[in-house]
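Hydrogens, waters and symmetry mates are skipped; everything else that's a heavy atom, side chains included, is used. Labels below follow one simple rule: chain letters A, B, ... track the order of the sequence lines, proteins then strands, and each chain is numbered from 1.
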Amino acid sequence: MSTSPENPDRALLAWAKDRYPIGKFVEWAEHKTVPVGRGAFWYYFGGISLFLFLIQVGTGILLMFYYKGSADTAFESVRFISAKVPFGWLVRSVHAWSANLMILSVFIHMFSVFFMRAYRKPRELTWISGLVLLALMLGFGFSGYLLPWNELAFFATKVGTDIVGVIPLIGEPIMYVLRGGEDVSGSTLPRFFALHVAFFPALLTVFIAAHLFFIQVQGIHEPDAWEAHPEQRKTMPFFPHFFMRELLLWLVTLNIVAVLAVFFPAELGIEADPFASAPAGIKPEWYFLSTFEFLKYMPAHIGPLEGEEFGLALISLGFLLWCLVPWIDRGRSRRITAIVMVTGVAILVFLTILTYRGFVA
Amino acid sequence: MTKLIRTALVTVSLTVAASASADDLPGGECLECHLTVDDGVGELWQDDVHARAGIGCDACHGGDATQKDSDLAKRPNTGYRGELSALEIANSCGGCHGDVEYIKERKPLLPVDQLEKYWTSQHGKLLVKGDTRVAQCASCHGAHGVREVNDAKSPVYASNVPSMCGGCHADADYMSGFDIKTNQYDEYVQSVHGKALLEKNDVRGAPACNDCHGNHGAAPPSIDAITNICGTCHSYNAELFLGSPLAPAFKEKSLADCVACHGKHLIRHVAEEWEGEKPGATCRKCHEEGEEGSDLALYFTETFGSVRLAFDDIETLLGEAEVKGMDVTEGEDYVEAARQGLMQARTLMHAFSKPVMEEKVSEIAANQAAALEVGYAALRGLEDRRRGLAISTFLLLLLTLAVAIKIRTLPPFD
Amino acid sequence: MKFDRRTILNWFLGGSTFAWMGSVVYPLLRFLMPPPEQEAAVSAVKATSLSEMAPNSGKIFKFGRKPALIVRQPDGTFRAFLAKCTHLDCVVQYREDKERIWCACHDGFYDLNGTNVSGPPPRPLDALEVHMQGDDVYVTRKS
């Protein structure tokens with residue numbers, strides 16, 4: 001790797017610069033900074049979510065080498081992967097654990113962004129695209145859960161798509177299209193597979209690109225306190241300081257996933273039988289538990305609406321308000337900001353309690 | 001729309017027809033009057049097969065069915081017989097049911113030998129001698145509410161037969177004077193046959209009293225007949241037994257083949273039956289300790305015992321592996337094959353031949369060994385996984401250390 | 001090469017990266033190599049071949065995880081069924097002498113359509129489809 005005083009770049013970089021107009025980009029990268037301070041720890045969760053997603057893509061592609069996506073063969077192919085393919089158990093369990101950790105990480109990321117009020121101008125679209133990403137992640141989770149075609153997944157999908165059908169007017173047609181028919185059946189599986197490995201990834205690519213682009217162009221949000229106290233301002237270069245720390249965290253995350261995969265491997269369960277009756281105590285994955293529990297508390301009817309319809313309407317309204325937070329709290333009124341922050345805490349506590357209740361039910 | 005109308009029309013007319021026939025039951029004035037009297041006959045008659053066939057009260061009882069007045073209906077010249085005696089019942093039922101030409105015109109597949117068989121039975125023989133306590137047609141089939149045999153409410157429906165026969169045969173007071181035991185029903189209910197019929201509802205497969213004793217010619221099978229009777233269903237066991245050295249020996253000693261070892265009514269699962277007994281005790285009824293027969297008995301007991309213990313070991317091992325997250329379905333397949341083998345071995349025992357049994361046992365042992373191997377491989381796999389994780393974690397820690405040190409050597413932020 | 005701290009650190013970093021990457025890449029590569037045992041065929045199984053079975057004979061084979069029976073009838077054509085008796089789950093067999101399928105446990109009989117014709121079995125055997133491919137006889141689930 002020869003360098004000289006005239007050409008301080010490394011050989012590889014020099015080679016690239018000779019051929020592509022990346023000079024400006026390299027300079028920008030060298031000067032990119034990340035805020036340093038008390039809340040800096042939370043900045044890593046965006047990257048961790050991305051990393052876990054990359055693990056999902058990698059292990060997902062590997063699984064596709066052996067998974068057979070039709071109702072006759074799905075379960076057996078997953079058993080084959082878990083039992084006979086070398087390290088198949090590892091790839092499968094990593095995929096399952098990484099999915100859960102990814103969604104957890106995304107929630108942490110979202111709430112940390114919220115409480116740091118990074119949604120404010122000029123980052124409204126970053127916030128919106130992030131919420132689209134959250135919805136896509138949940139879609140990934142829901143569609144992927146069915147793919148092993150075991151009893152639990154089958155009935156959880158039935159319950160989940162039942163809830164979709166509750167949406168007034170459009171709910172039933174959507175449910176019909178999702179299920180590929182009246183009921184969850186052998187026709188549902190190929191659709192969920194297509195969603196999981198093609199449709200959602202395509203959408204996700206677009207929205208991740210947008211999300212990252214917005215962040216790179218605007219830079220990472222700086223703590224509010226720095227506006228009043230500019231002397232507190234402290235940053236670190238993205239390359240190599242932040243990058244190396246991020247890398248370290250990624251490595252640790254990977255190992256945590258590996259430990260979980262070895263000591264708590266993904267279950268196979270019993271093969272789904274569309275004609276068998278539902279076992280007791282069906283519930284969805286943990287990230288849907290709060291919605292599931294919430295709907296249970298609805299009375300049978302509220303006014304002209306069915307209880308579940310009302311519950312869904314409430315949840316949708318809540319989500320809409322959450323999306324519109326950048327326009328509700330513009331930083332101009334301290335009182336509104338305080339209300340919004342307290343509401344955020346309440347929502348977090350509410351979701352946690354409901355999820356816990358869903359677990360122990 | 002036409003399909004809907006058609007269906008509606010059919011449903012309505014059937015309902016009308018059904019209700020019409022209920023009112024049009026044969027019996028004339030006899031029935032009209034007896035419906036008001038509190039003797040239950042009228043109600044029973046609603047469900048009777050003879051009523052549906054258009055047979056009226058006078059067919060069996062005589063009398064004038066057109067007379068409203070009870071005295072007029074029962075005048076001597078009407079042929080009125082009143083309540084039939086036990087012997088009269090047998091002959092009355094048999095009068096039609098033994099008439100080939102008559103039955104052929106009405107229900108061609110119905111047998112016509114019931115009465116003929118009945119006279120050969122213990123019930124029939126004693127009835128002829130004048131004992132009216134014994135069963136005749138009405139005792140089992142009823143008199144006025146006779147249902148088809150395959151009607152689940154009929155007393156002669158397969159799963160109702162044991163309690164029906166037991167109604168007399170289990171009643172010690174009723175049976176006093178007859179020289180037979182009254183514990184058959186109690187024993188049967190505890191047996192594998194009783195449980196299969198009464199608890200698992202296997203009406204096609206499990207025998208009730210009549211399947212071994214006969215329907216109308218009911219009599220305990222003679223000693224010579226036992227193998228044939230049990231062999232109706234257990235044909236392979238019977239075939240093996242008859243080809244074994246025990247068959248001629250049993251015949252010589254007038255031992256009742258299957259019954260000699262398995263009992264008559266209290267036939268239980270072999271493992272339950274001979275559990276707790278000294279090994280080979282049943283066989284030792286004839287074979288002295290040290291004889292070839294006794295040695296064979298001990299061989300069987302030990303072999304089956306160890307096979308069963310092996311199943312327990314396998315279940316524990318595979319269960320442990322499964323709980324820890326390993327897949328053991330292949331092991332379960334081997335266990336299933338071994339269980340099939342055990343079922344076959346229990347049948348093959350009736351050949352009373354060591355070489356025959358050894359062949360089957362080695363097959364079972366091979367399957368069990370394979371199942372165990374699956375379990376051990378699973379546990380070894382667990383160890384391998386943890387070792388692999390330890391290695392990669394160690395390498396990761398090294399790398400983490402390297403990166404951490406590198407971070408410390410980086411120039412300060414500004 | 002200078003053995004200063006920086007160089008040693010870089011070598012340490014590079015070496016441990018390489019070693020750790022090995023522990024990631026090795027399982028990946030092993031995963032991609034197909035294992036020798038193929039998956040238990042659940043949709044189509046090669047049961048036998050024309051040369052293996054004479055007319056009026058039967059053979060037990062594995063269909064997925066379940067035992068199955070293939071019978072070559074006296075006229076040379078094949079019939080296949082799942083081999084679990086519908087009475088109490090014993091494995092049935094073919095009886096050449098009776099040209100019927102028999103269950104040794106309680107003397108149940110099925111004809112070559114799988115219909116339960118005698119004894120305790122309450123239902124017919126589950127039939128499977130037979131497809132010929134040259135000399136080979138394949139069995140699939142009923143479509």
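- Only the side chain of A:Leu268 comes within less than 4.5 Å of a heavy atom of chain B; its backbone N, CA, C and O stay farther away.
- Residue B:Lys324 touches chain A through its backbone alone, counting heavy-atom pairs closer than 4.5 Å.
- A donor-acceptor pair under 3.5 Å is formed between the side chain of A:Tyr67 and the backbone N or O of A:Leu147.
- Ranked by heavy-atom pairs under 4.5 Å with chain A, the first of B:Val328, B:Val403, B:Leu396, B:Leu397 is B:Leu396.
- Of the inter-residue distances, the one linking A:Trp89 atom CH2 with B:Met326 atom CE reads 8.0 Å to the nearest 0.5 angstrom.
- Across A:Leu248, A:Leu90, A:Thr33, the residue that shares the most heavy-atom pairs under 4.5 angstrom with chain B is A:Leu248.
- Counting heavy-atom pairs closer than 4.5 Å to chain B, the top residue among A:His241, A:Met236, A:Lys84, A:Glu267 is A:His241.
- Judged purely by atom type and a 3.5 angstrom limit, A:Gln56 uses its side chain to pair as donor or acceptor with the backbone of A:His95.
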### Query
Do B:Glu383 and B:Arg380 pass the salt bridge (Lys or Arg N to Asp or Glu O under 4.0 Å) test, and can you show the C-alpha distance, the side-chain angles, and the key distance before you say yes or no?
CA-CA 5 Å; B:Glu383 289 304 304; B:Arg380 280 197 300 270; over 6 Å; no
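- Judged by distance alone, the side chain of A:Asn150 and the main-chain N or O of A:Phe75 form no donor-acceptor pair under 3.5 Å.
- With a threshold of 4.5 angstrom between heavy atoms, A:Val259 approaches chain B through its backbone and through its side chain.
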